[in-house]
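Right, one structure below, let's go through it.
On a predicted model such as this, the values are computed, not experimentally measured, just so you know.
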Amino acid sequence: FFFQAEDGIRDYKVTGVQTCALPISRLASIFANRENFKEASRWLTEAEKSGASGAQLASVYNSLGDAYQEGGQFDKAMQMFRRTVDAKADPGDDMYARHSIIACLASEGKLKEALVEAKAAAAIKNAPADSRKQTERMIAQLEEMQKRMDLARKKAKAKAAGQQAN
């Protein structure tokens, strides 16, 4: 596979033929899944130059985003997921990216921002039914988490005020 893709990439560089976008984007995804970010980024750039479709690029962006997210690099992950959204990919890839952005924000403790993103995702009309249900569950979970955080802050504030009074 690598040799065929490499040959296709060489042909692209020599002839300018854009038919090899799929192998290039697959290489980028493979390297992303292996957390080889340097190579994944290199092949992503090649895929973008080769005229890869939004769907092909969305797959790479999501793969890179997943790898960054698993490594705790949430800012980089969200950049990749936002590129999926910007690529105007199919609704399933779009919702996957949006859900991943929400998860990154929640992982960073940015529950209010995550909730804003979740509500925006819920407003997307052409989202697959299963994605819409998942978004609704995410909203409910985020709202519950936010209530718990607010309550914990309120208790900590009251405790601190009580200690100052003593």
Side-chain angles (χ1 to χ4, degrees), residues 18 20-158:
Q18 295 185 354
C20 59
L22 185 59
I24 294 171
S25 63
R26 284 189 180 154
L27 274 174
S29 290
I30 288 167
F31 283 114
N33 291 331
R34 293 181 177 176
E35 296 185 19
N36 185 336
F37 300 117
K38 183 178 178 183
E39 285 299 309
S41 295
R42 183 181 89 136
W43 291 114
L44 173 58
T45 300
E46 289 293 328
E48 290 169 333
K49 288 180 189 176
S50 74
S53 70
Q56 291 167 338
L57 291 173
S59 173
V60 178
Y61 297 145
N62 281 341
S63 292
L64 265 167
D66 286 340
Y68 283 129
Q69 184 178 7
E70 288 171 16
Q73 298 181 54
F74 300 118
D75 288 338
K76 287 182 179 181
M78 286 188 287
Q79 287 174 358
M80 288 295 114
F81 294 130
R82 289 191 194 287
R83 287 173 78 176
T84 295
V85 172
D86 294 343
K88 307 286 188 237
D90 73 63
D93 283 335
D94 182 83
M95 290 301 285
Y96 178 87
R98 291 174 188 275
H99 289 165
S100 297
I101 291 167
I102 295 162
C104 286
L105 289 167
S107 294
E108 291 183 317
K110 299 177 180 176
L111 299 180
K112 289 180 182 177
E113 290 177 51
L115 194 53
V116 168
E117 290 283 346
K119 289 180 178 180
I124 295 172
K125 301 294 183 210
N126 63 343
D130 59 330
S131 293
R132 294 178 71 77
K133 288 179 185 176
Q134 184 178 358
T135 304
E136 291 169 11
R137 286 191 303 270
M138 292 175 99
I139 290 171
Q141 289 172 341
L142 288 165
E143 287 174 339
E144 181 61 29
M145 290 169 66
Q146 186 64 53
K147 284 179 190 176
R148 289 180 184 184
M149 292 257 314
D150 291 344
L151 181 60
R153 284 187 187 123
K154 192 174 185 178
K155 285 181 179 181
K157 194 174 185 179

Could you report the tightest heavy-atom contact between Asn126 and Pro91, atom names first, then the distance? O-CB, 3.4 Å
Quick one: which residue pairs count as a salt bridge (charged side-chain N to carboxylate O under 4.0 Å, His left out) with a foot in residues 89-100, not counting sequence neighbours? Asp94-Arg98
Donor-acceptor contacts under 3.5 Å from residues 73-82 side chains, at least two apart:
residue	atom	partner	partner atom	Å
Arg82	NH1	Glu117	OE2	3.2
Arg82	NH2	Glu117	OE2	3.3

In residues 133-142, what donor-acceptor pairs under 3.5 Å come from side-chain atoms, sequence neighbours left out?
residue	atom	partner	partner atom	Å
Gln134	OE1	His99	ND1	3.4
Thr135	OG1	His99	NE2	2.6
Thr135	OG1	Ser131	O	2.8

With sequence neighbours excluded, give me every salt bridge (charged side-chain N to carboxylate O under 4.0 Å, His left out) pair touching residues 144-154. Glu144-Arg148, Asp150-Arg153
So how far is it from Glu113 CD to Leu105 CG, rounded to the nearest 0.5 Å? 5.5 Å
Nearest heavy-atom neighbours spanning Ala97 and Val85: CB-CG2, 4.1 Å
State which residues pass side chain to side chain donor-acceptor pair (under 3.5 Å) with Lys110; sequence neighbours excluded, sorted by chain then number. Glu108
According to salt bridge (charged side-chain N to carboxylate O under 4.0 Å, His left out), who are the partners of Asp86, at least two apart in sequence or on a separate chain? none
